[in-house]
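Take a look at the structure set out below.
We count ligands from 1, going down the list as the structure has it; atoms in each ligand are counted the same way. Note that these values count all heavy atoms, side chains included, but never hydrogens, waters or copies made by symmetry. Predicted model only: the values in this text are computed from it and were never measured.
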Amino acid sequence: MQKTAGIHHITAMVNDAQRNIDFYSGVLGLRLVKKTINFDRPEVYHLYFGNETGQPGTVITFFPWAKQLKGRIGLGQVGVTSYIIPTGSINFWENRLRKFGIEYTSSNRFGERYLKFTDPDGLQLELTERDEGPINTWNFGGVQAEYAIKGFGGAVLFSARPHKTTDVLENILGMEYIGQEDEFLRFKSEGHLGNTIDIQLNPSVRGLMGAGTVHHIAWRAKDEEDQLRWRSLLQDKGYYPTEIRDRNYFKAVYFHEEGGILFEIATDPPGFSVDEPVAALGKKLMLPSWLESKREEFEETLPPVEVRVLEGDK
Ligand code: ZN
C-alpha cells in the first residue's frame with residue numbers, strides 16, 4: 001500500500017501581505033522561501049514560509065488579498081495548523097507570544113502540551129515540543145535556531161463526515177490509526193514532520209471559505225509516479241481528482257474528500273531551489289516562465305512588501 005510521509009504544505013487565505021509576513025517571519029521566525037503570484041489569479045501574491053530550505057512538511061502558503069471577505073473556520077476545513085518546536089523551548093515561545101501581545105491557551109492532547117493562538121487573520125495555530133524532525137537552522141529576528149519552529153507537527157481536521165475522512169487517511173494515504181482521546185481521533189504518517197493528523201469529532205459550525213481560513217492541505221508524494229498511482233487509486237475509489245497541475249515547485253492534484261476538506265497530493269521534487277539558489281530564496285518576485293513577459297505589470301500593481309525584524313526584536 002502507498003503511504004504518504006505526511007503534510008507537504010498547507011495553504012490559507014488572508015487579507016494583508018505585509019501583516020502576513022510580519023507574523024510568520026517576524027513573530028514566528030519562519031523563512032519566506034518563495035515570493036510569487038497565484039498562477040490562477042496573477043494579481044494576488046502567493047507567499048510561502050518554511051524552514052531554511054522550504055522542505056516539504058514545513059511550508060505554509062498564503063494568498064493575501066485585501067478585498068476578500070472574511071471566512072469562518074468550521075466543518076469541511078483544516079481547523080488548526082500545528083507546528084513543532086524543539087524540546088525545551090516552550091518557555092521561550094510563551095515569552096515570545098507574550099512579548100508580541102499574542103494571547104494563547106495551553107492544553108494537553110495525547111500526552112503533549114499545546115500552546116494555541118491565532119494569527120492576525122484568525123487562523124488557528126498551535127505549538128508543541130517534539131524531539132523528532134530536523135532542526136531548522138534559520139535564524140531570524142529574535143528566534144535563534146535552537147528555538148526555531150522545525151515545521152509542521154500536524155493538523156486538526158474539522159471533518160463534516162469523520163468516518164469518511166478516516167477512510168481516506170487510512171486506506172488511501174496509508175496512515176496508521178493511533179487512538180481516540182476525548183473528541184480527537186489521531187492518525188500518524190511515516191515522515192518526521194507533519195506526521196500527526198487529528199480529526200476533531202465535534203466542531204460546531206459549518207466552515208465558510210474566506211480570509212482567515214485554510215484553503216487546502218497537501219500530502220506528500222515521493223515523485224510524479226507516486227502521484228499518478230494515487231490519482232488512479234482515487235478514481236478507482238470514486239473520487240474526482242483534478243488533472244495534474246504544474247505549480248513550478250511541485251506538481252499538484254486536488255480532490256475533495258467526503259468530509260468537505262480540499263485535499264491535494266503534491267510531489268516533493270523539484271522544490272524551491274528550482275528557480276533561485278537556497279541563499280536567495282524569497283528575495284525576488286519569482287514568476288513561472290509563462291508569465292515572465294508580464295513581470296513589469298505585476299511589479300507595478302502588487303503592493304511592495306518586505307521581510308523585516310519587528311520593533312519588539314530590535
Ligand atoms: Zn497546494
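- The nearest N/O/S atom of Glu264 to the Zn ion (ligand 1) is OE1.
- Checked against the 6.0 Å centroid criterion, the rings of Tyr254 and Phe263 do not qualify as a close aromatic pair.
- Of the candidates Val80, Leu169, Asp198, Leu157 forms a side-chain contact (heavy atoms from CB on, under 4.5 Å) with just one, namely Leu169.
- Taking backbone and side-chain atoms together, His216 has an N/O/S atom less than 2.8 Å away from the Zn ion (ligand 1).
- With a cut-off of 2.8 Å, the Zn ion (ligand 1) has no N, O or S atom of His215 in range.
- Cation-pi check for Arg41 over Phe63 is not met; the charged atom does not lie both under 6.0 angstrom from the ring centroid and within 45 degrees of its normal.
- Counting only heavy atoms from C-beta outward, the side chains of Val78 and Val156 never approach each other to under 4.5 Å.
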